[in-house]
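Protein chains get the first letters and strands the later ones, always in sequence-line order, with residue 1 at the start of each.
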Amino acid sequence: MHISPLTGICASSLGVALLLIVYAFVRGSKGLRSYIVTRVLLTLPMVLILVSVIFFVMRVIPGDPVTSELGPRGTPQAKERMREQLGLNDPIMVQYVKYLGRVVRLDLGTSLVQGNRPIVDELSERLPATLELVVPAMVVAVGFGVLSGTFAADRRKRPSDYGLRLFSITVYSMPIFWLGLILQVIFGVGLGIMPVAGRIDAIVNTTLDRYTNLLVVDSIITGNWAALGSSLHHLVLPVLTLGLALTGVFVRISRINVIESLVEDYILAARARGIRERVVVYRHALLNALIPIVTLIGLQFSVLLAGAVLTETTFSWPGMGLYLVERIGQRDYTAVQGVITVFAMSVAIISLLTDIIYAFLDPRVRY
Amino acid sequence: MANNTLLNIENLSVEYKTRMGWVSAVDDVSMEIRQGEILGLVGESGCGKSTLGKALLRINPPSARISGHLWFHGEDLMTLDDEAMRQIRGQRISMIFQDPMTSLNPIQRMGDHLIETILTHEPEVGKEEARERAAALVDRLGISSNRLDDYPHQLSGGMRQRVMIGLALALNADLIVADEATTSLDVIVEAQFVELLKELRDEFNLTILLITHNIGLVAEISDRVAVMYAGRMAELSDARSVFKETLHPYTQGLLKAVPNIQIDDDEELYMMGGSPPDLVEPPMGCRYHPRCPKVMPVCAAEPSHFLESKPDHFVNCWLYEDIPAEYADKELSE
Amino acid sequence: MRKLSYALIGLLIVVLVVGCAPSQKAEDMKTVIIGTTDEISSLDYSDAYAVHDWELMRNCNIGLTNYKPGTAEIVEGVADSWDISDDGLTYTFHLADGWKYPDGSALKAEDFVTTVNRALALEGDIHGVVATYVASVEAPDDKTVVFHLVNPRGDFPQIVSMGPFMPTKAGAYPEDELNRFPDKLVGVGAWQITEYDPAEQVVLEHNPNYKLGFSDTAPDRVIVRYFEDATAMALAIENGEIDVAWRILGPPEVQRLEEVDGLTVINTGGGGIRYLVPNHAMAPFDDVNVRKALAALVDRDEIVDRVMKGTVDPLYSMVPPGFLAANEEFLTMYNAPNIELAEELLTASGYSADEPLTFDLWYPPEHYGTHAAQIFQVLEEQFEATPMIQVTLQTQEWGTYIHALTDGEYPIGYLGWFFDYPDTSNYLDPFADSVASPSMGISYANDTMDQLLRDAGASTDVAEREQLYTDAQILYAEDVVTIPLTMEPEHVVLIDAKVSSVTIGPALVFNYELIELK
Amino acid sequence: MSDQNHDVLVQVKGLTKHYPIQQDFISRLLSAEEAKKVRAVDGVEFDIRRGEVFGLAGESGSGKTTVGRLVLRLTDPTEGDIIFDGVNIARLSNEDMRQMRARMQIIFQDPFASLNPRMRIGDGIGHGVKIHSDATATERRTVVETMMEYVGLTPAKLYYEKYPHQLSGGQRQRAVIARALVTRPELVVADEPIAMADVSVRALLLELMIRLKEDFNLTYLFITHDLATAKYICDRIGIMYLGKLVEVGDLRDVYTHPSHPYTDALLEAVPVPDPESRHEKPLPKGEIPNPIDPPSGCRFHPRCPLAVDVCSEIEPELRPVEGSTGHLAACHLTTGDYRHLAPK
C-alpha cells in the first residue's frame with residue numbers, strides 16, 4: 001500500500017493521541033478512566049456528525065460544482081460526464097454512504113482543478129507544511145505567553161508587568177499579515193538575516209529527499225544538516241509571526257489566572273513552608289493556573305488555523321490554510337470538502353486531547 | 001525575660017494599607033513564647049491575632065508595614081534578608097492554616113507536599129529517604145501511608161488537617177503557629193485534633209502558638225493564654241490565672257459571653273455592649289474603653305501599658321497601673 | 001522550570017546559529033532562482049494550456065518551429081524547413097539532424113505524432129485547440145512530419161510552436177490517459193525538469209545533448225520558486241532569496257521595486273489587454289454612432305496616469321504593439337477625448353442634452369484588481385463630459401458577472417484578454433469573427449470582416465497577412481466592435497549583482513538558457 | 001408520635017432526600033448495580049410545636065441543612081410528608097407553594113453571601129414585602145424601617161441607605177434577620193444563623209432572636225453544629241447523624257441524659273472554657289463516613305465505643321427513653337431490645 005505523508009501524519013498523530021490517552025488511562029484514577037473511555041467513544045459519533053454536516057452542507061450551498069467548473073460553455077455531454085465522475089447522479093443517500101466509506105479509507109477524491117490530482121496527494125504536501133508552522137507557533141505562543149504571563153503576574157503593577165501587558169495587547173490587536181510584514185521588512189529586507197518566503201532555501205531544497213514533507217524531520221532523518229539549518233532558518237519569522245499573534249491571549253489569560261492562584265491559601269501555606277519563591281510561582285501557582293489555560297489551547301486551535309491562513313499568505317508558505325482559500329476561489333469542490341474534513345477531524349482530536357489533559361491535570365474533576 | 005524563651009516579640013506593629021487608610025492591625029505588641037509551651041492567643045475576628053501569627057514568619061502581604069523585633073535564637077528575624085527568612089520558614093518556624101482544603105495545593109499529591117518541604121530545606125536528603133520520612137510521619141499522624149499519593153480532595157477534613165500538621169512537623173520546627181487550625185472542623189474531629197496536638201507536643205517537645213477565637217479550645221489545651229483586643233495585647237498569663245483570676249475587663253466580659261455546655265446553671269449569656277472598633281481610626285487611649293463597664297477618664301485619653309501586674313500575669317489596663325496625677329484627680333471628682 | 005528555560009534558550013540559540021550559518025554545501029553549479037506567482041497546472045504536452053506550463057515546456061522542448069528570441073517572429077525549430085500544399089491544407093515539416101533527448105536518444109518524427117494524437121484522443125484542456133486545426137498527422141519517415149488541416153491556416157507555423165505540437169518520446173506518457181504531473185519533464189530543448197515539489201519549486205538542469213549548446217554566461221541550473229502572492233515575491237527578491245522575479249508582479253510591487261538599489265526592473269511588454277464590451281445585439285449599442293461616441297470620449301491617458309499611475313499602457317488597437325500589423329487606429333480615427341465628435345454622433349442618433357443617452361455600465365468589483373472602481377469613476381466622468389450621456393455604474397461579483405456578460409445580458413461591460421498563442425489573429429478573431437463574437441457577449445457580425453479575418457488566417461504570405469490585418473483593424477475601429485482601453489505590461493526584476501540580462505519577447509517566451517550571469 | 005397536647009405547626013414524616021450521583025452513561029451502562037445516590041436525609045420524623053425553638057444539631061454531612069431546606073420545600077423531598085399547619089406542603093403545586101412561602105422564611109449562615117451587595121440594606125430587607133404584598137413604596141418603607149428599628153439597626157433612616165459592605169458582621173446578621181421577619185412569617189428556619197459571629201456579638205444576636213420570637217409569635221427551626229449555643233435558645237433538640245435522627249427530646253433531657261452514644265460524644269467533645277475541667281473521656285474514632293454508602297445497621301456503629309454485633313446488623317428505631325415521654329433515641333443498647341447487651 002502506498003503510504004502518503006498525509007496517511008502517515010494522520011496515523012502518527014492518532015498514535016500520539018493514543019499514547020497520551022493510554023498514559024492518562026494507566027496513570028489516572030478509576031473515574032478518569034471511565035471518563036476517557038466515554039470521551040473517546042463520544043469522539044466517534046462527533047466525527048461522524050462533523051463529517052456528515054460537511055457532506056450535506058457542501059450539497060446545499062448554492063453553486064453547482066459542475067457548472068462552476070466547466071463554465072457556461074460546457075457542453076451538456078461534458079457536464080453529464082463530470083456528474084458521472086463526481087457521482088452526483090446517485091441518490092443523495094448513496095452518495096453519502098459512499099462518501100463515508102471513502103473518508104474512512106482517507107480517500108478524499110480528486111481535485112477539480114490543477115490537473116485533477118488526488119486530494120490526498122495535495123494535502124500530503126500541504127498538511128505537513130501547516131503542521132510545521134502551526135505546532136512550533138503554538139509552542140512559542142503557549143511557552144512564551146504562559147511564562148511571560150506568569151512573570152508579569154509575579155511582578156504585578158511593576159514596569160515589567162505593564163510592559164508585558166502593553167505588549168500582549170499590541171500583538172493581540174495587530175493584524176497578522178501586518179505583523180508578518182513588519183518582521184519581514186526588519187529582519188529580512190532591513191537586516192538581511194532572515195528569509196522572508198518559503199520553507200527552505202531553493203538550492204538546499206534540491207539536495208533534500210522528501211519522505212514526510214515535514215522538512216525538519218526529513219532533513220534530520222536524512223542527515224542533511226544544511227537543509228535542517230535552512231528549514232529552521234525559514235521557520236523563524238513565520239513561527240514568530242503566528243506565535244506572537246497568539247501569544248497575546250496566553251499572556252493575558254496566564255497573567256490573570258496566576259494572579260488569581262497567587263492569592264490562594266495554599267500559596268501562602270507554601271511560602272510559610274519556606275518553599276522558594278520561584279517554585280511557589282512557577283510550580284504551585286502556574287500549574288494550577290494551567291488548568292484553564294489547557295482549555296484555552298483547545299479553543300485557540302480554530303484561531304490558529306485562521307491565523308495560519310494569513311501567515312501562510314504573507315510568507316508564501318504552501319500550507320493547508322492557503323490551499324483552502326485558493327480552492328474556494330477556484331470552486332474546487334472536492335478539495336474544499338477534503339480540507340474541511342481534515343480540519344474537522346483534527347479539531348475533534350484536539351478537543352479530545354485537551355479534554356483528557358484537562359481531566360488528567362485536575363485531579364478534582366470527577367467524572 | 002525567662003531563660004526558656006524561644007521567641008521574644010518586642011514592640012511589634014503591623015499596619016496594612018487599605019482603601020480606607022492605614023489599618024493598625026497589630027499595635028506595639030510585646031510578649032515571649034516559651035520553649036515547649038502551648039500558648040493560646042485568643043481574640044475576636046479583626047483583633048490582629050492572625051496578622052501577628054503571620055508576622056512571625058514575615059508572610060504578611062507586601063502592602064503591610066511591619067516594625068519591631070522578633071528575637072529568635074539570638075537573632076532578630078526582622079533583620080534577616082528574604083533568603084535567610086525563607087530558610088527559617090518551615091524549618092524553624094512553621095504554620096498550620098485555618099482551612100486545610102484551601103491550604104493544600106489541589107493538584108499536588110499529599111506526599112509531594114511533604115517531600116517537597118523536606119527536600120527544599122534538606123536538599124542533601126534523597127528523594128527516596130524523603131518519601132520514607134513522609135510515610136513515617138503520616139503514619140504517626142494516623143493516616144495510612146498508602147494514601148501518600150492521594151490528592152487533597154480525596155482526604156477527609158480531619159485527614160487534611162493532619163497533613164497540615166505533618167507539614168509543620170516535617171522538619172522538626174522549633175515553633176508551630178497554628179492559625180485557627182480547628183475552625184473548619186466539626187466538634188468531634190476538633191477534639192481529636194486537640195488531643196493529637198497535645199500528644200505531639202509531648203512527643204516532639206513542640207512549642208505551639210495556638211491562634212483561635214474559640215475560648216473553650218484554649219481552655220482545653222493551653223499552658224498560657226494571651227488575649228488580644230483591637231490590635232493590642234490585653235492580658236497574658238497561665239491558663240488558670242486568665243480564666244480564674246481574670247484581670248482585664250475585656251477578658252472578663254469575653255469569658256462571660258462564652259456559651260457553656262453545662263446544663264446545671266441557667267445563667268444568661270453576658271451581652272457585651274458596642275462592637276469592635278474600626279482600626280483605621282481606633283479609639284484614643286485604651287481601645288476597649290468605649291465598651292468597658294469600668295471605664296475611667298484616663299482610659300479615653302492615654303493608652304495603658306502591658307505590665308506584669310502579678311507574677312507572670314501581664315495585663316494592659318489602667319485598673320492595674322498607676323494613673324498619672326492629672327487623671328487621678330478627675331476620677332476623684334467624678 | 002529553570003532547566004526548562006535554559007533548554008529553551010539553548011534551543012533558540014542552536015536554531016539561530018544553525019539557521020544563520022551560510023549553507024555549507026559547496027555549490028559549483030551556477031544556479032538562477034526565478035520566482036513566480038504562477039503555478040503548474042499540467043505538465044502533459046497533450047493537455048497543458050496555461051502560460052506558465054508552456055513556459056516550462058518551451059524550455060525543455062522545442063517544437064517544429066520556434067520564436068526568434070526576444071521577438072514574436074517565427075523561425076525554424078527542430079524542423080529546418082517546411083512545405084505547404086497548394087490548397088494550404090497539408091504542411092510537411094523536415095526535421096534537422098542532431099536533436100537529442102537528455103538520455104541520448106535521437107528525436108524522431110513519430111514523437112510529434114504521439115503528442116498530437118494523444119491531444120486529439122484525450123479530453124485534455126488543449127484538445128479543442130488542436131482539433132480545431134488538425135485533421136490528422138503522420139510520420140512517413142523519421143525525419144518528416146505531415147499535418148492535414150481542417151481548414152487552410154496561414155499561421156500554422158506559429159501554431160506548431162505550441163505545447164501539443166512538441167515531441168514526446170513514445171512511452172513517456174500513458175497512451176490512454178493524461179499524466180499531468182510526470183516525475184520528469186524532458187524534451188529536446190535546453191533543459192529538463194529533474195525535480196518538482198508542488199507549490200514549492202521546480203528544478204531544471206541542462207539537457208546534456210542540447211543541440212545548440214550553452215554559452216559560458218548561461219546558468220547551469222534554474223530553480224523556479226512558487227510564491228503565493230506578489231508581495232511576498234517582491235520582498236523575496238529584495239532580500240536576495242530569488243535572482244529573478246517574473247510574473248506576476250502587481251503595479252504596487254513594480255513601483256516599489258523600481259526604487260530599490262541593486263535591482264533592475266524591465267518592462268517586457270505584455271499580452272494582457274483590457275477593453276469595453278458593447279453588446280451589438282442590445283440597444284443602445286446596436287447603434288454604431290453610440291459606440292463611436294464612446295470611442296471618441298474615452299481618454300486612455302487619463303486612466304493610465306490618474307488611476308494606474310503609469311503602471312499600464314494605453315491601447316489603441318486590440319492588437320498590442322509587437323505583433324504583426326499592430327497599429328493605433330483608435331487613436332488616429334477618434335483622437336479621444338473629442339467631445340464635439342461625440343456630440344455630433346449622438347445628435348445624429350437623436351440624443352440631446354434633454355433626452356440624453358442613458359445606459360448601465362457593468363464591471364466586476366474585484367476580479368480585475370482593486371483599481372476597477374476608480375477606473376470606472378473616471379470613465380463615467382469622461383462619458384458624462386457631454387450632457388448628452390448619463391451613465392449608471394453597475395457591479396456584480398465575477399462568478400455571476402462573467403456568465404451574464406457572455407450570455408449577452410449587459411448592454412456594455414468590461415473584460416480582459418490574454419492570447420492563447422501569440423499571433424495577431426488571436427487578438428481579432430475571438431471578437432470580430434461572427435461565429436466567435438456572440439460567445440464573447442459582443443454579437444458583432446460583418447461579412448467583410450469575416451472575409452478579411454478568414455483570408456488572413458488562411459494566408460501563408462506574411463506581407464499579405466499584414467495588409468489584411470491592417471484592413472481588419474481599420475474596419476474594427478470604424479465599427480467599434482469593442483473599445484480597447486489598456487495593456488498590462490509584464491515586468492521582470494533582476495538582481496544586478498548576479499544577472500546581466502534576460503531575453504523575453506512579446507510572445508512572453510522566456511528562454512532560461514539565454515539568461516546571462518555576471 | 002405527635003403529642004396532642006401541643007399545637008403542632010410542622011410535622012415531618014418519613015422525610016427522605018436522595019441525590020443521584022452524576023455518572024457518565026458508560027459507567028451506568030457497565031455497572032449492573034442500581035445508580036448510586038447520596039442518602040442525605042433518610043426517613044426523618046419530628047414535630048415542631050407552635051411557638052417553640054426546635055434545634056437540629058449534628059456535624060457537617062449529617063443532613064441537618066438539607067432537612068431545613070426540605071421543611072421550606074426549597075428542595076423537593078424524595079419521599080415523606082411535611083405537614084405545615086395542616087397542609088402537606090410536600091405535595092403542593094408550585095403556585096400554592098409560592099403563596100405558602102410568605103408564612104415561612106430562612107436565615108442563612110453567611111450574611112455577606114445572602115445580601116445582595118449592590119442593593120441598599122433597606123431595599124434588600126423590603127424585597128420580600130414587594131413580592132408578597134401590594135403595599136405602596138411609602139408603606140413598604142415604613143414597614144421596613146419599623147423592622148430595622150426592631151432588630152437594632154438604629155437609626156433606621158441612616159442604615160436604610162447603606163450597602164452591606166458598610167455594615168459590621170453583627171449588623172449584617174441583624175439585617176438578614178430583619179429581612180426574614182419583615183413579611184411576618186410563622187416559621188423561621190435559621191441555618192447556623194450566628195456561626196459566623198464573634199463571641200461578643202453572638203450573645204446579642206441570640207437575645208435578639210429570642211426577643212423577636214416572643215414579640216412576633218414565631219416558631220424556629222434552629223439548625224446548628226454548636227451544642228453550647230443551642231442550649232441558650234432551643235426548647236427541644238434533635239441530633240442527626242448521617243441522614244438519620246438519632247435522638248430527639250427536650251433540650252434539658254437530652255443534655256442531661258444523652259441516650260445515644262453519638263449525642264454523648266458530641267456533648268463530650270464540646271470544649272469547656274475552664275482549664276480546670278478538661279475532658280478525659282475517649283473520643284469516638286474516625287470521622288463521619290460517606291453518605292453514599294452508609295454503614296449497615298446503626299450508622300454510628302463503626303465509631304461507637306459501645307457497639308456490639310447487633311449494631312451492625314439491625315437498624316435501630318427511634319424509641320422513647322425510659323421514664324420520659326418526649327425523649328426518644330435510636331440505639332439498641334439504650335432504648336431498644338438489646339439493652340441487656342450494653343456494657344456496664
Strictly distance-based, threshold 3.5 Å: is any side-chain N or O of Asp198(D) a donor or acceptor partner for the main-chain N or O of Glu44(B)? no

Neighbour count above 12 (heavy atom, 6.0 Å) for Lys244(B) NZ: yes

Under a 4.5 Å cutoff for heavy-atom pairs, which residue among Glu190(B), Met159(B), Gln192(B), Arg291(B) has the most contacts with chain D? Gln192(B)

Does Glu281(B) CD have over 12 foreign heavy atoms under 6.0 Å away? no

Please state whether the side chain, the backbone, both or neither of Asn214(B) comes within less than 4.5 Å of a heavy atom of chain D. side chain

Could you tell me if the side chain of Pro275(D) sits less than 4.5 Å from the side chain of Glu220(B), heavy atoms only? no

Interface moiety of Glu276(D) toward chain B, non-hydrogen atoms closer than 4.5 Å: side chain

Atom NZ in Lys285(D), atom CD1 in Ile188(B): separation rounded to 0.5 Å? 12.0 Å

For Ala203(D), is there any backbone N or O sitting under 3.5 Å from a side-chain donor or acceptor partner on Tyr270(B)? no

Please indicate whether Glu322(D) has more than 12 foreign heavy atoms, meaning atoms of other residues, nucleotides or ligands, lying under 6.0 Å from its CD. no

Exactly one candidate in Leu283(D), Leu266(D), Leu267(D), Leu227(D) meets side-chain contact (heavy atoms from CB on, under 4.5 Å) with Val187(B); the answer is Leu266(D)

Under 4.5 Å from any heavy atom of chain D - which part of Leu255(B): neither

Distance (rounded to the nearest 0.5 Å) between Met272(B) CE and Arg202(D) CZ: 13.0 Å

List the atom of Leu217(B), the atom of Pro271(D), and the distance in Å for their closest heavy-atom pair. N-CB, 3.6 Å

Quick check: closest heavy atoms across Tyr232(D) and Asn260(B), and the distance to 0.1 Å? OH-N, 3.0 Å

Main chain of Pro259(B), side chain of Lys231(D): is a donor-acceptor contact present, judged purely on distance under 3.5 Å? no

Any donor and acceptor pair, going by atom type alone, linking the side chain of Glu287(D) with main-chain N or O of Ser156(B) inside 3.5 Å? no

Point-to-point distance, once rounded to the nearest 0.5 Å, from CG of Asp274(D) to CD1 of Ile215(B): 13.0 Å

Part of Ile288(D) lying under 4.5 Å from any heavy atom of chain B: neither

